[in-house]
Amino acid sequence: MKVEEIKVTLPDGSVMDFKKGVSGEEVAKAISERLLKDAVAMKVDGILKDIASPLNEDCSIEILTSKNKESLEIYRHSTAHLLANAVKELFPETKIAIGPVIEDGFYYDFDRETPFTPEDLPAIEQKMAEIAKRGNPIERQDVSSEEAIRLFKGEDEPYKVELVTEKGQGGMVSIYKQGNFTDFCRGPHLSSTSKIKEGTFKLLSIAGAYWKGDEKNKMLQRIYGTSFFTKKELDEHLKKLEEARLRDHRKLGKELDLFSVADEIGGGLILWHPKGAIVRKTIEDFWREEHIKNGYEFVFTPHIGRSTLWETSGHLDFYKENMYPRMEMENQTFYAKPMNCPFHVMIYKSKHRSYRELPLRWAELGTVYRYEKSGVLHGLMRVRGFTQDDAHLFVPQDDMEKEVVSVINFTIHILKSFGFTEFSSFIATKPEKSVGEEERWNAATDALKRAAESVDLLYEMDEGGGAFYGPKIDIKIKDALGRSWQLSTVQFDFNLPEKFNLEYIGKDNKPHTPYMIHRALLGSLERFFGILIENFAGAFPLWLAPEQVRVMSIADRHIPYCEKLLAEFKEKGIRCSSDFRPEKINYKIREAQLEKVPYMLISGDREIENESVSVRTRSGGDRGSKKVVEFLDEFFKKVKSKEIKLD
RNA sequence: GCCGAUGUAGCUCAAUGGUAGAGCAGCGGAUUUGUAAUCCGUUGGUUGGAGGUUCAAGUCCCCUCAUCGGCUCCA
């Protein structure tokens with residue numbers, strides 16, 4: 001009997017002959033023992049497969065090792081299965097739900113009467129290591145949905161039964177077995193549990209999570225973890241998490257005396273302390289100057305408005321669950337504003353408008369209040385009262401795209417000024433609760449896409465994530481730790497102008513309806529401040545630092561000279577303070593350093609003699625003596641250029 | 001809102017059901033100092049709040065509030 005042969009093409013173009021049904025492992029082995037050892041999975045004609053899968057026809061294959069970017073996901077996915085395997089061995093009564101790979105690791109959801117505790121994690125990790133060592137092969141089986149359902153019913157795994165029923169749709173599904181643990185999974189997976197090396201995975205936290213992410217469903221227990229091919233990478237990752245923890249704006253906010261929240265006032269309501277407030281003022285001043293340069297005007301509007309306003313705007317229909325409850329007064333009903341737009345619209349409506357005035361660009365640092373569920377509040381990042389750096393642009397319909405482009409450019413210019421250089425974006429489309437016809441939504445969404453493309457801004461689609469009145473483009477930045485934050489939002493609105501019957505008289509002497517753009521560049525000042533704190537780890541760039549310079553005396557006899565400097569600096573608008581206490585200079589330096597003051601100016605006998613200051617920067621240490629005029633020159637240069645680094 | 005954890009001095013943390021403590025900060029004093037902590041003394045608490053069990057509660061139970069990790073949601 002003749003053995004059928006197949007031709008296998010490798011990534012370098014070479015072709016090898018194998019018997020039909022050869023496994024990926026055998027192919028890897030034929031190339032090199034080393035490759036077999038390193039093999040994670042393979043791609044057959046571009047499709048990810050287990051390394052043990054048979055090859056039944058001519059194909060091109062690529063053996064994936066830890067160097068390929070898909071491999072880490074496979075490794076983590078197998079680690080997630082290992083986690084579930086360990087949990088089932090330790091706590092057999094547990095029902096397993098779902099365990100996907102996420103950005104920095106994986107999780108697995110479990111249903112168990114007794115919740116897991118943090119103390120359980122080391123025990124589970126240990127069990128995982130034990131199972132890994134057993135080296136059970138991880139085997140894929142393709143079975144019918146019915147068979148899989150029968151199997152999981154037999155194992156009393158209702159969540160798996162539900163998943164197979166949904167995803168299998170009666171066809172074939174794949175299951176993976178390792179030892180006596182079976183999971184429903186698309187794969188691919190590592191070939192053996194022994195491929196997961198001890199010390200390369202870590203369980204991180206426990207949390208509640210709704211089954212299928214729906215708050216109507218039962219809450220399950222989620223265990224988060226992560227894994228890497230090497231212990232070194234895992235350690236680096238854990239170090240990064242630790243670094244993020246150290247930069248936590250809530251911790252730094254307290255340490256640097258920037259802001260606080262008080263029980264007596266309520267969660268999510270921020271108190272800006274003087275040091276935080278001066279940073280905010282600096283941001284606001286810059287923001288205002290740039291807006292003037294870019295053709296904006298400023299408006300101010302109240303914090304509350306009558307219910308009729310919110311009825312017309314649609315907020316009471318579409319946004320009520322986020323609004324603070326009504327206030328009754330003299331038979332009138334008021335609401336605290338969750339958005340500024342209706343107020344700006346009313347300014348527009350205060351008189352007749354001509355096409356000659358358009359586009360009108362009105363900006364306001366408008367403080368809004370939104371009800372947020374207590375569980376979501378988070379430092380400055382998620383609050384109940386916040387100030388948006390808001391603006392509304394009233395634009396002739398034909399000019400919308402052009403205006404959106406210029407808003408996006410403006411946004412990027414502003415964000416760059418704060419040291420952010422990496423951007424990406426989401427274009428969010430029509431949500432379920434929304435107003436306006438499908439066609440206009442689509443046209444507006446397309447306009448946003450074209451605008452993003454014209455400024456080379458990468459975007460992903462966020463289906464159903466738009467505001468109720470129109471689609472939007474949200475711009476995200478990457479911070480110093482590589483984390484993404486959403487800041488800016490540019491929203492297309494063809495609905496509010498209609499609801500409020502906005503119009504302008506065109507060239508043709510006829511009324512036309514303008515469109516609106518809602519936009520916020522920094523998002524909210526609270527969140528932006530939080531992001532800045534974390535990005536700079538509390539060490540604000542010179543132009544933003546609450547205290548830019550601290551003048552320190554060596555001994556009491558130097559105080560008069562220091563006071564003269566202080567007065568001169570203050571006069572020149574430098575945010576500066578003094579430390580004239582009879583303490584050792586080391587003590588004063590340590591304190592200023594911990595407070596992250598950019599410049600420490602030390603003066604003693606030597607400095608008095610030649611009209612100089614000894615300059616120390618928080619990042620560069622002792623910079624030696626400089627003439628006062630030289631220092632001032634350097635100082636103002638750095639402030640003006642908004643330099644991030646001091647030396 | 002939901003699941004879990006936590007809540008002790010301004011901050012960071014101790015205290016088998018048996019008299020609430022330390023370091024730092026603060027305050028008082030001494031020290032006059034050259035690039036990340038000088039020394040001595042000292043104030044400070046309805047243990048988040050309200051109830052209960054007990055001879056006795058920071059500790060055990062119930063309720064409540066806040067915070068933290070997530071889920072859902074979001075600037």
Side-chain angles (χ1 to χ4, degrees), chain A residues 107 109 111-112 114-119 204-224 245 248 250-251 254-255 257 260-268 321-322 338-339 366 368 370-390 428 465 467 472 474 485-489 491 518-528 530-531 552-559 580-594 600-607 614-618 620-625:
Chain A
Y107 66 78
D109 284 349
D111 184 6
R112 179 172 175 243
T114 338
F116 294 109
T117 67
E119 292 77 50
L204 297 170
S205 61
I206 303 160
Y210 299 108
W211 168 235
K212 291 183 184 164
D214 187 335
E215 60 186 322
K216 288 184 208 79
N217 287 341
K218 181 167 185 183
M219 181 151 284
L220 309 176
Q221 306 272 324
R222 175 171 298 178
I223 297 180
Y224 282 94
R245 203 181 61 77
D248 191 314
R250 293 164 300 186
K251 181 177 139 73
K254 197 182 278 179
E255 284 173 9
D257 198 15
S260 63
V261 283
D263 279 13
E264 290 82 349
I265 296 169
E321 57 193 45
N322 284 297
M339 294 187 194
V368 297
R370 296 184 186 173
Y371 165 69
E372 297 283 356
K373 292 173 178 178
S374 58
V376 309
L377 301 176
H378 180 92
L380 293 173
M381 304 299 192
R382 193 70 184 277
V383 294
R384 284 178 174 162
F386 58 99
T387 301
Q388 292 181 305
D389 68 316
D390 211 356
K472 61 175 182 172
D474 288 338
W485 298 99
Q486 194 221 305
L487 296 175
S488 322
T489 181
Q491 309 180 344
H518 306 235
R519 53 111 272 204
L521 309 183
L522 310 175
S524 87
L525 291 173
E526 284 74 9
R527 172 182 285 182
F528 187 67
I531 291 165
M552 305 191 244
S553 56
I554 297 279
D556 285 358
R557 63 178 179 281
H558 309 126
I559 294 178
F580 299 158
R581 294 173 301 176
E583 294 285 354
K584 289 173 76 168
I585 199 66
N586 281 348
Y587 183 84
K588 300 185 190 182
I589 286 171
R590 178 182 155 80
E591 214 161 79
Q593 191 77 45
L594 291 174
M600 290 159 256
L601 300 186
I602 298 157
S603 295
D605 296 333
R606 296 202 291 267
E607 285 72 25
S614 177
V615 179
R616 184 188 169 92
T617 65
R618 68 180 168 210
D622 189 356
R623 314 303 294 163
S625 274

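Lettering follows sequence order; numbering is per chain, from 1. Just so it is clear, the values below take in all heavy atoms, side chains as well, and ignore hydrogens, waters and symmetry mates.
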>> Nearest to the Arg382(A) side chain among C3(B), A36(B), C74(B), which nucleotide is it?
In response: C74(B)
> Counting distance only, does the side-chain N/O of Arg519(A) pair as donor-acceptor with the main-chain N or O of Asp389(A) below 3.5 Å?
Replying inline: yes
> With sequence neighbours excluded, what pairs up with Phe580(A) under the side-chain contact (heavy atoms from CB on, under 4.5 Å) test?
Replying inline: Val551(A), Ser553(A), Ile559(A), Cys562(A), Glu563(A), Ser578(A)
>> Looking at Lys588(A) and Arg581(A), would you say the former's side chain and the latter's main chain have a donor-acceptor pair under 3.5 Å?
In response: yes
> Ignoring hydrogens and geometry, is there a side-chain-to-backbone donor-acceptor pair from Arg370(A) to Pro338(A) under 3.5 Å?
Replying inline: yes
> With respect to the side chain of Ser524(A), which nucleotide from A75(B), C71(B), A36(B) is positioned closest?
Replying inline: A75(B)
> Taking the P atom of each, how far is G45(B) from A20(B), in whole Å?
Replying inline: 14 Å
>> Suppose we screen for side-chain contact (heavy atoms from CB on, under 4.5 Å). Which residues come up paired with Met219(A), at least two apart in sequence or across chains?
In response: Tyr210(A)
>> Counting only side-chain nitrogens and oxygens, does Arg370(A) get under 4.0 Å of the OP1 or OP2 atom of C74(B)?
In response: no
> Toward the 5' end of RNA chain B, which comes first, Glu607(A) or Pro115(A), by nearest nucleotide?
Replying inline: Pro115(A)
> So which nucleotide from U72(B), C73(B), G70(B) ends up closest to the side chain of Tyr224(A)?
Replying inline: G70(B)
>> Does anything in residues 207-214 of chain A come within less than 4.0 Å of RNA chain B? Heavy atoms only, and list the residues if so.
In response: Ala207(A), Gly208(A), Ala209(A), Tyr210(A), Gly213(A)
>> Restricting to salt bridge (charged side-chain N to carboxylate O under 4.0 Å, His left out), what partner residues turn up for Glu372(A), sequence neighbours left out?
In response: Arg382(A)
> Just wondering, do Arg250(A) and His378(A) contact through their side chains at under 4.5 Å, heavy atoms?
Replying inline: yes
>> The criterion is side chain to side chain donor-acceptor pair (under 3.5 Å); which residues satisfy it with Thr489(A), sequence neighbours excluded?
In response: Asp474(A), Gln491(A)
>> Going by salt bridge (charged side-chain N to carboxylate O under 4.0 Å, His left out), name the residues that satisfy it together with Arg222(A), two or more places apart in sequence or in a different chain.
In response: Asp109(A)
>> For a quick check, tell me whether the side chain of Glu119(A) and the base of A5(B) share a donor-acceptor pair closer than 3.5 Å.
In response: no
> With a 4.0 Å cut-off on heavy atoms, is Val383(A) in touch with a base, just the backbone sugar-phosphate, or nothing at all?
Replying inline: base
>> Tell me the interatomic distance from Leu487(A), atom CG, to C74(B), atom C1', rounded to whole angstroms.
In response: 14 Å
> Who are the salt bridge (charged side-chain N to carboxylate O under 4.0 Å, His left out) partners of Asp605(A), not counting sequence neighbours?
Replying inline: Arg557(A)
>> Suppose we screen for side-chain contact (heavy atoms from CB on, under 4.5 Å). Which residues come up paired with Lys251(A), at least two apart in sequence or across chains?
In response: Leu246(A), Asp248(A), Glu255(A)
> Out of A36(B), C71(B), U72(B), which nucleotide sits closest to the side chain of Arg590(A)?
Replying inline: A36(B)
>> Taking the minimum atom-to-atom distance to the side chain of His378(A), which one of G1(B), G34(B), G69(B) wins?
In response: G69(B)
> Got a sec, which residues hit salt bridge (charged side-chain N to carboxylate O under 4.0 Å, His left out) with Lys218(A), two or more places apart in sequence or on another chain?
Replying inline: Asp111(A)
> Does Arg384(A) use its side chain to pair, donor to acceptor, with the backbone of Gly268(A) at less than 3.5 Å?
Replying inline: no
>> For a quick test of reading the model: is some side-chain N or O of Ser374(A) closer than 4.0 Å to OP1 or OP2 of G1(B)?
In response: yes
> How does RNA chain B read in dot-bracket, base by base from 5' to 3', with Watson-Crick or G-U pairs under 3.5 Å and | used when the partner is on another strand?
Replying inline: (((((((..((((....[..)))).(((((.......))))).....((.((..]....)).)))))))))....
Which atom pairs link the protein and nucleotides 25-32 of chain B when you take only N or O atoms and keep those under 3.5 Å?
from	atom 1	to	atom 2	distance (Å)
U31(B)	N3	Pro582(A)	O	3.4
U32(B)	O2	Asp556(A)	N	3.0
U32(B)	N3	Asp556(A)	OD1	3.1
U32(B)	N3	Asp556(A)	OD2	2.7
U32(B)	O4	Asp556(A)	OD2	2.8

> Just to confirm, is there a sub-4.0 Å distance from OP1 or OP2 of G10(B) to any side-chain nitrogen or oxygen of Lys254(A)?
Replying inline: no
>> Base contacts versus sugar-phosphate-only contacts with protein, heavy atoms under 4.0 Å: please encode nucleotides 42-49 of chain B as B, S and - from 5' to 3'.
In response: --------
